[in-house]
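Counting convention: from 1, in listed order, for ligands and their atoms alike. What you are looking at is a predicted structure, and each value in this text was computed from that prediction instead of being measured.
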Amino acid sequence: MNPIEALDRIKQLSAELEEHNYKYYVLASPSISDYDFDMKLKELSDLENAYPEYAFDDSPTKRVGGDITKEFINRKHNYPMLSLSNTYNKGEIISFHQRVLKGLENTVPEYVCELKYDGVAISLVYEHGKLKHAVTRGDGEKGDDVTNNVKTIRSVPLNLKGNFPDFFEIRGEIFMPHKAFNDLNQERLERGDAAFANPRNAAAGSLKMQDSKEVAKRKLDCYLYYVIGDQLPFSTHFESLNEAQKWGFKTSSFMARCKNTDEIDEFIQLWDKERKKLAFDIDGVVIKVNSYAQQQELGFTAKSPRWAIAYKFKAEQACTPLLSVSYQVGRTGAITPVANLEAVFLAGTTVKRASLHNEDIIKKLDIHENDWLYVEKGGEIIPKIVGVDLEKREKNAKPIAFLSQCPECGTELKRSEGEAAWYCPNEFECPPQIKGRIEHFISRKAMNIDSLGEGKLEILYDKGLVKNIDDLYVLKYKDLIGLEKSFESEGDQKNRIIRFREKTVENILKALEASKEVPFERVLFALGIRHVGETVAKTLAAYFKDLHHLMEANAEELINIPEIGPRIAESLVSYFSSKKNRAIIQALEAYGLQTTFVDNRPEGQNKAFEGLKVVVSGVFTNYKRDEIKSLIENAGGKNVSSISAQTDLLVAGENMGPAKKEKAVKLGIKIIDEDEFERLLNTSAE
Ligand code: IVH
């Protein structure tokens, strides 16, 4: 065979094999035997080995994997990957329908109901009919590029057929069918590996493996449910999915067009029953407005489209006896009751514990000793106690009485009016509070002394080296080097030994030194004052400019600051009235921590947006939305989330909801695009 003949044969075999893949994995109606398929694949693979220059990236041989991804690169989505708001009953579906009706000027909607696949969201980018990138949702703006791994999923076409647009994206859900999941777990257990808790975790874990050969073995599958592009050749969502199937994508045939909420409800009821027969997990139904024109009219909120909604099936429930209630003490002294349960298997995981949150919840559920409790998995991950089986209650069982003394230090607990939690007031002596406070202080978003994490702090506390945050700054090399502790692990895993080696100690001392440059607002947040989160700390720092001004402020003055309410004011006053806290602050100041606000706007900074309330919406070419927002803030503007009569300016990117734009026009608000935004910023800078 000469090279030209080889290339011809390679092309022919590739096309044939992809068509067989399509028939088998997308249409579920194979037309050749597995054996014949394998023979063709082998022939192709041999030819590619003989002529490596013709081993193309999109060859069906790539389905078995081989490419290794050391680190997944972060890729920006061309269109943000939004989520859907959830509904749980018919009433909420009716409200959705009413909102849609209200949002549409003169037309009535038709809906498409689909299954809500329970897997991992993926965005596939196709250019000129070839799969270019496959990107996970990530934070919605950027996700991980998992293209090599996705190429191993047989139902994802590498090359499209028919009449497809040159550029478009298609989104869907990657999932692991039940059979693949059960086989995988059995294999893992036999090998002594931990089993995956549920198919969703297994799919997510598989997608992030470095070796695509291993991914190929995981038998993942993918349903596609949303085509996006600038000029799509259809006018309805329903049509888009039918067309997408002709291009080679796996779309579900379990879709229905519905005219009203009764028809939607019928679809929901049907699938709530039928879902148990499916070969994969679904966790609800998605309802979408069918017409693109209507979708555009309805637009998007910051988080989700106004033209679609999810209906979540009621979570799976189990009933199990309560063994005891234990109490955890948080860093602010808040006491959280936890129900210890007889182990029960629920929606893929074994549940032994569930938070009871606070005393009111225990009272509301009216939990008694040894009660049988109904447990549900909210969001499928965190177990939640939702009720009591009264028939199983023992005679003379006593109601659970909330603890009156701190389980850690024995101090009488307190509960302030209007607060749900009981607190241990012994903030300076109660161990979990002290440790929790220091942990918070060193955390990434606070002073960022990462190198002290993972058990090292506990060692310092146990040895009596650090009893408070200011003690950190007197630590010396000789205090730390050589310290170690063995931590017991759960189950039969080996104990973990943590040791302060030379490098560790150097890193800790370096991080402590570097933390002296951490800006005031973060130092304020790091103090761990109750109710003072990152945003509140920022507001206070910018307002008072100096920690001492804040320390002297009274409640009245504090409440007058926008965004500071009485709860925060009271907590601040109480914190700064403590002699001990004042002493800690004095010490921190002496060690050189920042206690004055530095306006990070450079000198002579442009005031392009000084005093303006600005809404930023849509997608931009040169900036991320958050970047635009911080540029506005740096130039004196204030970002607001929704358009109102008070808004001064709208920076409109692409893909912004038409309803929002219309509202801005109606209110006579100035609208600028990305170019104009840049011009404005640059001219004032000069
Ligand atoms: S449409 C802008 N359709 O559920 C609308 N999503 O909670 C994009 N999901 O992010 C989503 N099945 O990961 C859509 N038939 C379906 C779906 C579906 C599952 C997932 C998807 C989405 C999440 C929303």
Discussion item. Looking at ligand 1, is there an atom of it that comes within less than 4.0 Å of some heavy atom belonging to Arg137?
Written reply: yes
Discussion item. For Asp272 and Tyr311, which I'm curious about, is there any donor-acceptor pair between the side chains at under 3.5 Å?
Written reply: no
Worksheet item: Any side-chain donor paired with an acceptor under 3.5 Å for Glu678 and Tyr623?
Response: yes
Discussion item. Under 6.0 Å from the ring centre and within 45 degrees of the ring axis: does the NZ or CZ of Lys250 meet both conditions for the six-membered ring of Tyr223?
Written reply: yes
Worksheet item: Does ligand 1 have a heavy atom under 4.0 Å from the side chain of Glu173, from its backbone, from both, or from neither?
Response: side chain
Discussion item. Yes or no: does Met81 have any heavy atom under 4.0 Å from an atom of ligand 1?
Written reply: no
Discussion item. Against ligand 1, does Ala308 come closer than 4.0 Å with any heavy atom?
Written reply: no
Practice prompt. Could you say whether the N/O atoms of Leu115 and ligand 1 ever approach to under 3.5 Å?
Written response: yes
Worksheet item: ligand 1 versus Arg171, non-hydrogen atoms closer than 4.0 Å: side chain, backbone, both, neither?
Response: neither
Worksheet item: Using a distance-only test with no angle check, is there a side-chain donor-acceptor pair under 3.5 angstrom linking Thr152 and Arg63?
Response: no
Worksheet entry | Asn159 and Lys130: side chain donor to acceptor below 3.5 Å | yes
Practice prompt. Answer yes if the ring centres of Tyr22 and Phe249 are under 6.0 angstrom apart, and no otherwise.
Written response: no
Item to complete: Would you mind running through ligand 1 and noting each atom that sits below 4.0 Å from a heavy atom of Leu82?
Response: 10 (O)
Worksheet item: Quick one: which ligand 1 atoms are inside 4.0 Å of a heavy atom on Ala121?
Response: 13 (O)
Discussion item. With respect to Tyr225, determine whether any N or O atom, backbone or side chain, lies less than 3.5 Å from an N or O atom of ligand 1.
Written reply: yes
Fill in: Side chain, backbone, both or neither: Ala310 near ligand 1, heavy atoms under 4.0 Å
neither
Worksheet entry | Modelled atom types, side-chain donor and acceptor of Asn260 and His97, under 3.5 Å | no
Worksheet item: Between Glu114 and ligand 1, does any nitrogen or oxygen pair lie at a separation below 3.5 Å?
Response: yes
